[in-house]
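Structure first, then comments.
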Amino acid sequence: MIDINLLKHLSKKYPNIKAATEEIVNLSAILSLPKGTEYFLSDLHGEHDAFVHMIKSASGVIKSKIDDIFGPDLNHDEREKLAALVYNAPAEIKRRKQSEDNFDRWCKESILRLILICKGVSHKYTRSKVRKRLPKEYAYIIDELLHAEDEENKGNYYSQIINTIVECGVAEDFITELAEVISSLAVDRLHIIGDIWDRGAHPEQIMDFLMSYHDVDFQWGNHDIVWMGAAAGNMACIANVLRMNINYNNIDMLEIGYGINLRPLATMAENIYADDPCQAFMPKKIEENKYDPIEDSLVAKMNKAISIMQFKLEGQVIKDHPEYELDKRLLLDKIDYDKGTIVIGGETYELKDKLFPTVDVNDPYKLSEDEDAALHALQASFLKSEKLQKHIKYMFSNGSLYKVFNGNLMYHGCIPMDSEGNFLPCTINGETHSGKSYMDFLDREVRRAFFADNDPYARKADLMWYLWLGSKSPLFGKDQMTTFERCFIADKTTHKEHTVPYYKLINSRSICEKILNEFGCTLTTSKILNGHVPVKIKDGESPVKGEGKLLIIDGGISKAYQKTTGIAGYTFIFNSRFMALAEHKPYSPLQADGSQVFHSPAIRNVQTLPKRMLIRDTDQAADLEREVRELKALVHAYRTGKMQESNI
């Protein structure tokens, strides 16, 4: 029995039998369409340009469509240039304006070709769904071009539309918008399996792109959670975020992108470390800052200053939370400040840097007055950054610790397990959980920590810091984070971070199936999509684990990882016919002459579905079927006189 109040609400949109029946027909037909293509990416780490290229190229699918449609009629070079137009229309248009003898003719040819590609990527969608993806200014024109027949009596009509576009001087804008439509239709839903931030220079631009994108969800990574904690005002998280990005010289992102005022830190660092070269803290420069270049020597001082503050703040959190079991990471009190050595695990190591002017030997985890003042100013910047707060709240509303979608399980790091493959009981905030229960509990606690302003403990958000680096954190998956050792000890054996048993266990199909069953994923096609740990292809590692039941899709889109992995990231593709893994080569930036080299990814089929997957086989079906039932109840109410039709 459907509530009469719901029917009254529906009647406002469907005021009569005709309107309700029309929607029933539409929804029922949608159930018979093929499912849209899902794309899965992870570990973007601020690499905005490479990420956008992956999306706009649909990880090679656009190029395959072009080859299928134009193979007999265009040579290889022409097809490559057409693909380049879809991937980066403004750059290709600029180049063609300089190289084409008849630019208007090129525009007309390009529009015709792009329309054919657009038809190819939109054929499995309803016309109404395609319309929703069209730019408002050109929606009518593109819709007409997509659905105008090639019969003789419409040929002139079709040509006149294109000629008029060129004559009115809007061809360049129209081509750019049409290329965007093609990319949008090629990807029906986007899953980001963690780590938007850190290392790369422009995570804020990635977030801006994603917030304007259709149908996207996030599974939080450890780098995301530490930014979420920083946005909540947690001092330890703020120190970690600043250290990482100052270390990678991402000053523009912090100051211009998010409006974080670094002056208090810079002033303090310059005063305290004036005569300290801070050589061990020189920044790693993957990209140059354009808007706020700072001398490397000052960046190094800022890096050392925030690192020392980080170790102090982390020590305070560890002492406040013995249940975190991180006492072995209390290292400032293990230093012999006179000798410049430290004892770790019973071994004595010489420190690379022996100057600690802000450390009180008798109370090494206490902030100095200058440090405390600088940190409170920095905290205010994080809390007052409108863009950061908007981005983080979007991560909450569109994200979670894990997600089950269309039979697949997605999470960033791991599911804590012991060496025997049992789900590991973990105690946090006074509660003990394991497996799915642990993930659900942490998801709730993270939300409580961020949004419960009236709860002092929650607002402190120490849990987010623990999830960033804790040994039982499902987002970290290692025994320790050796930041201090990498900063201060030359012996690289101390830098080692050992992975938890999970990463060996997932080579077993039975373990992967156990995890899938724990989360209710029982389809024969169900898979785990996992990020976090870069796959070292050059060393012979495979992203496919557990006989194909789990795929690790962190292949190193971050430039910082590419020497280690040998590739530049993965995309997992799940359409109505198959599942595939696209292995990407390093992204080539735009050249001064407007040209750009695009490398098509190597795509390998992971699984061919036993039959074509339709909308009725997806999670979306439940909502559509519910709407059909409600509309049929509304029609029945109209027919039996329980509701009165209007606008007949």
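Side-chain contact annotation: D195 with H412, donor-acceptor N/O pair under 3.5 Å present.
By the ring pair (Phe, Tyr, Trp, His ring centres under 6.0 Å) test, Y39 pairs with no residue at all, sequence neighbours left out. Applying the side chain to side chain donor-acceptor pair (under 3.5 Å) criterion to Y138, with sequence neighbours excluded, gives D173. Judged as a ring pair (Phe, Tyr, Trp, His ring centres under 6.0 Å), and not counting sequence neighbours, the contacts of F572 are F40. Among residues two or more places apart in sequence or in another chain, the side chain to side chain donor-acceptor pair (under 3.5 Å) test is passed with Q205 by H48, H202. Shown here are the side chain to side chain donor-acceptor pair (under 3.5 Å) partners of W220, two or more places apart in sequence or in another chain: there are none. Residues meeting the salt bridge (charged side-chain N to carboxylate O under 4.0 Å, His left out) test with K632, sequence neighbours left out: none. Shown here are the ring pair (Phe, Tyr, Trp, His ring centres under 6.0 Å) partners of H223, two or more places apart in sequence or in another chain: H45, W468. Y213 meets the ring pair (Phe, Tyr, Trp, His ring centres under 6.0 Å) test with F209; sequence neighbours excluded.
The existence of a salt bridge linking K81 and D77 is confirmed by a sub-4.0 Å separation between a basic side-chain nitrogen and an acidic carboxylate oxygen. Ion pairing between a basic and an acidic side chain is recognised when a charged N comes within 4.0 Å of a carboxylate O; K129 and D188 show such pairing. Between R444 and D440 there is no salt bridge, since no side-chain nitrogen of the basic residue lies less than 4.0 Å from a carboxylate oxygen of the acidic one. Of the charged side-chain nitrogens involved, none lies within less than 4.0 Å of a carboxylate oxygen, so that K390 and E386 do not count as a salt-bridged pair.
With S184 contributing its side chain and E180 its backbone, the two residues share no donor-acceptor pair below 3.5 Å. Of the possible polar contacts, none joining the K18 side chain to the P15 backbone as a donor-acceptor pair under 3.5 Å is found. In this structure, E47 contributes its side chain and L44 its backbone to no donor-acceptor pair below 3.5 Å. At distances below 3.5 Å, not a single donor-acceptor pair connects side-chain atoms of N26 with backbone N or O atoms of E23. For the pair H214 (side chain) and V187 (backbone), a donor-acceptor distance under 3.5 Å is present. Q219 contributes no side-chain N or O that, together with a main-chain N or O of L401, makes up a donor-acceptor pair within less than 3.5 Å.
Within 6.0 Å of atom CD in E22, 12 or fewer heavy atoms from other residues, nucleotides or ligands are found, so the atom counts as exposed in its surroundings. Heavy-atom neighbours of E625 CD from other residues, nucleotides or ligands within 6.0 Å: above the threshold of 12. Counting non-hydrogen atoms of other residues, nucleotides and ligands closer than 6.0 Å to CZ of R447 gives a total above 12. When the shell of 6.0 Å around CZ of R639 is examined, it contains 12 or fewer heavy atoms from other residues, nucleotides or ligands.
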Please report the C-alpha distance between F51 and Y587 in whole Å, then the side-chain angles of each, then the deciding distance to 0.1 Å, and finally whether the ring pair (Phe, Tyr, Trp, His ring centres under 6.0 Å) criterion is met.
-> CA-CA 9 Å; F51 164 68; Y587 171 77; over 10 Å; no
Worked check of ring pair (Phe, Tyr, Trp, His ring centres under 6.0 Å) between F405 and H191 = CA-CA 10 Å; F405 193 82; H191 306 284; 5.2 Å; yes
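Judged as a salt bridge (charged side-chain N to carboxylate O under 4.0 Å, His left out), the pairs with a partner in residues 61-76 (not counting sequence neighbours) are, in order, K63-D67, K63-E80, D67-R79. Residue pairs meeting the ring pair (Phe, Tyr, Trp, His ring centres under 6.0 Å) criterion with at least one member in residues 104-130, sequence neighbours excluded, are F103-W106. Listed by first then second residue, pairs satisfying salt bridge (charged side-chain N to carboxylate O under 4.0 Å, His left out) with a partner in residues 25-45 read K35-E38, not counting sequence neighbours. Note on residues 71-97: pairs passing ring pair (Phe, Tyr, Trp, His ring centres under 6.0 Å), not counting sequence neighbours, are H53-Y87, Y87-F598.
The structure places CG of D617 at 11.5 Å from CZ of R612, a figure rounded to the nearest 0.5 Å. The CG atom of L145 lies 8.0 Å from the CG atom of L178; values are rounded to the nearest 0.5 Å. Expressed to the nearest 0.5 Å, how far CG of L516 lies from OG of S526 amounts to 6.0 Å. Summarising the geometry, atom CD belonging to E167 is positioned 9.0 Å from atom CG belonging to D104; distances are rounded to the nearest 0.5 Å. With values rounded to the nearest 0.5 angstrom, S576 atom OG is found 7.5 Å from L609 atom CG.
Note on ring orientation: taking the six-membered ring where Trp is involved, the planes of W227 and Y258 are tilted (angle from 30° to 60°).
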